[in-house]
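First the structure, in the form of structure tokens, and then the observations on it.
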Amino acid sequence: MKPIQIAASVLSCDFAHLDKELSRASDANMFHLDIMDGHYVPNLTFGQPIVLKIRQLTKIPLDAHLMVTNPENYVAPFASIGVNWFSFHQECVYHSHRVVQQIKSLGMKAGIALNPATPLSTLDCILPDLDFVLLMSVNPGFSGQEFIPSVLEKIIQLKDIITKNSLNTLIEVDGGINETNASLVIAAGADILVSASYIFGSTDYSAAIRSLRGS
Ligand code: DX5
Ligand code: ZN
């Protein structure tokens with residue numbers, strides 16, 4: 001079994017002290033960047049200037065989660081900044097196969113994000129092309145929401161499909177993850193756990209990251 005990876009979502013960090021916050025969370029395997037446009041989700045976050053600053057402040061892989069319409073417009077700019085993982089929501093593109101190939105051709109890992117109510121069957125024709133699937137365990141838009149338990153069954157089903165088809169696709173789970181539900185999400189088959197408020201709301205980020213890993 002592969003070791004679980006933790007993606008610390010900077011959405012809940014103190015942006016006034018970005019440098020310090022990133023180094024306090026540097027036990028994470030990657031930093032998760034929630035990019036929101038106020039159209040696809042009812043919230044605004046940040047774009048390339050902040051992503052570039054984060055890239056300059058850390059060598060840890062960057063995992064961009066685009067909750068925006070027309071995510072294809074950001075593939076090349078994010079690749080040139082040095083983002084390593086790039087996911088977009090299925091509803092936001094007409095030609096997901098093309099966008100996935102575009103992401104991979106620029107050297108990033110490609111993922112598609114599914115909202116809690118979007119069925120796995122929508123991935124049937126694209127799953128073998130994906131490096132990862134991002135399963136939302138809250139409705140996208142905000143950190144600090146409660147984990148939706150029905151997503152556990154979805155993780156189990158996706159893991160089963162991946163195993164039966166001998167795929168290498170990783171499962172990333174995003175939203176409401178804390179020390180109580182992390183072990184259930186890992187047992188269901190997750191490879192990467194995203195966490196914002198649990199990590200950045202704790203006093204000791206390293207301890208919080210360890211507790212999510214169950215170590
Ligand atoms: C929600 C974002 C999540 C969010 C997670 O739209 O995609 O990545 O930052 O926040 P927590 O861990 O607080 O639920
Ligand atoms: Zn996210």
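All ligand and atom numbering here is 1-based and tracks the order in the structure.
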Counting heavy atoms not belonging to [X], are there more than 12 under 6.0 Å from its [atom1]?
X    : atom1 : value
N168 : CG    : no
K53  : NZ    : no
Q90  : CD    : yes

Next item on the list: Can you see which heavy atom on S195 is nearest to which on Y198, and at what distance?
Entry: OG-CB, 3.4 Å

Next item on the list: Would you name the heavy atoms of I126 and H97 that are closest together and state the gap between them?
Entry: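 Looks like CD1-CA, 3.6 Å.
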
Next item on the list: Determine, for K159 against D191, whether the closest basic-nitrogen to carboxylate-oxygen distance falls under 4.0 angstrom.
Entry: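 Answer for the salt bridge query: yes.
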
Next item on the list: Below 4.0 Å from any atom of ligand 1, which residues have a heavy atom? Give them in chain and number order, please.
Entry: S9, L11, H32, D34, M36, H65, M67, M136, P140, G141, F142, S143, G144, D174, G175, G176, V194, S195, A196, S197

Check: Apart from V41 itself, which Ile, Leu, Val, Met, Phe, Trp or Tyr residues share its cluster (side-chain heavy atoms under 4.5 Å, direct or through members)?
Finding: L11, M36, Y40, M67

Margin query: Out of the candidates V194, L33, L134, only one should pair with H65 under the side chain to side chain contact (heavy atoms under 4.5 Å, CB included) rule; please name it.
Written below: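 Testing each of V194, L33, L134 against H65, the sole residue satisfying side chain to side chain contact (heavy atoms under 4.5 Å, CB included) is L134.
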
Checklist line | Listed protein N/O/S atoms, distance to the Zn ion (ligand 2) under 2.8 Å | finding: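 Sorted hits: H32 NE2, D34 OD1, H65 ND1, D174 OD2.
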
Enumerate, atom names and distances included, each donor-acceptor pair closer than 3.5 Å involving a side-chain atom of residues 68-83, sequence neighbours excluded.
from : atom 1 : to  : atom 2 : distance (Å)
T69  : OG1    : D37 : OD2    : 3.4
S80  : OG     : P77 : O      : 3.0

